[in-house]
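These notes concern the structure reproduced below.
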Amino acid sequence: MHDLYCDRIDTPKGVFLILFHSEGISRIYFPGQDPECSCPEGKLPWNNLAEDLNRYLSGEAVDWSRYPLDTSCYRPFTKALLEEVRQIPFGRVCTYREAAERAGSPRACRAAGQALKANRHPVLVPCHRVVASGGKLGGFSGPPGWKQMLLEIEAGGSRREI
DNA sequence: ATTAATAGCGGCA
DNA sequence: TGCCGCTATTAAT
C-alpha cells in the first residue's frame with residue numbers, strides 16, 4: 001500500500017502528531033496521545049496545515065476541506081456520518097440525532113456516538129461540534145477537556161480577554 | 001455465531 | 001424521575 005509517515009505540528013496547546021501517506025491524512029493525534037509509532041518521519045506535503053492549525057487554535061475559522069483524508073478504514077455509516085460532520089460550519093454545533101439524520105439514519109443517534117468515537121481525524125473532522133441535547137456536552141474520545149476547549153475557541157472567535 | 005456494551009435521544013408513565 | 005426501544009459497530013464470549 002502507501003507508505004505511512006508521521007510529522008509533528010507545534011502549537012501553543014501542545015504537539016499534534018499527524019500520520020499520512022501520499023493519498024491523504026491517515027490519522028491525527030492530540031498532544032499527549034503520541035502512540036510511539038515506529039513509522040518513518042516525513043514532511044507533510046500540505047504546506048499550510050501547520051499554519052492553519054495554529055490559526056484555528058487562535059480562534060480563526062479555517063476551511064479544512066482542501067486537505068484529503070484517508071477514510072478507507074471507516075465503515076459505511078461511520079464514513080457517511082463523518083462526512084456530514086465535516087460540513088458543520090465553524091462555530092456551529094448539531095446534536096447526535098441531527099448528525100445521524102443527515103447521514104441517512106434518523107434514529108441512529110446512539111450509533112452516531114459509536115461513529116464519532118471512531119473518528120481518527122480530530123479537528124479536521126470536527127467531532128467536537130456534535131453535542132448532546134439538553135445543553136449537555138456529550139462525550140469525547142480525546143483528552144479530557146479538549147472538546148470544551150475547542151468549542152470555546154470557536155465560540156470566542158478572536159478572544160477579547162487575556 | 002451470538003451477546004453485550006457503547007460519545008444518546010425521545011416517548012411514555 | 002425512571003424505564004424502554006431504537007441503530008451501527010465493536011469487543012467479548
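Everything quoted here is computed from the prediction, not taken from an experiment. Letters A, B, ... mirror the listed sequences (proteins, then strands); counts begin at 1.
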Taking only the side-chain heavy atoms of [X] (C-beta and beyond), determine which of [options] contains the nearest atom.
| X | options | value |
| --- | --- | --- |
| A:Phe77 | B:dG8, B:dA7, C:dT9 | C:dT9 |
| A:Cys109 | B:dG8, C:dT7, B:dA7 | B:dG8 |
| A:Arg75 | C:dT10, B:dG8, B:dT6 | C:dT10 |

Would you say the side-chain atoms of [X] pair up with the backbone N or O of [Y], donor to acceptor, closer than 3.5 Å?
| X | Y | value |
| --- | --- | --- |
| A:Thr11 | A:Lys13 | yes |
| A:Glu51 | A:Asn48 | no |
| A:Asn119 | A:Ala115 | no |

May I ask which nucleotide in the shown strands pairs with B:dG8, Watson-Crick or G-U wobble, both distances under 3.5 Å? C:dC6
From [atom1] of [X] over to [atom2] of [N], roughly how many Å is that when rounded to an integer?
| X | N | atom1 | atom2 | answer |
| --- | --- | --- | --- | --- |
| A:Glu101 | C:dT7 | CD | C1' | 14 Å |
| A:Leu82 | B:dA7 | CG | P | 16 Å |
| A:Tyr96 | C:dT7 | OH | C1' | 15 Å |
| A:Arg120 | C:dT10 | CZ | P | 9 Å |
| A:Asn119 | C:dT9 | CG | P | 15 Å |
| A:Lys117 | B:dA7 | NZ | P | 5 Å |
| A:Arg110 | B:dA5 | CZ | C1' | 7 Å |
| A:Arg102 | B:dC9 | CZ | P | 15 Å |

Using a cut-off of less than 4.0 Å, is there contact between a side-chain N or O of [X] and OP1 or OP2 of [N]?
| X | N | answer |
| --- | --- | --- |
| A:Ser133 | B:dG8 | no |
| A:Ser105 | C:dT7 | no |
| A:Arg97 | B:dG8 | no |

Indicate whether the side chain of A:His121 and that of A:Tyr74 have a donor and an acceptor atom separated by less than 3.5 Å. yes
Does a donor on one side chain sit under 3.5 Å from an acceptor on the other, for A:His128 and A:Glu154? yes
Taking atom P in both C:dC4 and B:dA4, what distance in whole Å separates the two? 15 Å
Does A:Thr78 reach a base, just sugar-phosphate, or nothing at all? Heavy atoms under 4.0 Å. sugar-phosphate
On DNA chain B, nearest-nucleotide positions of A:Gln114 versus A:Lys136: which is more 5'? A:Gln114
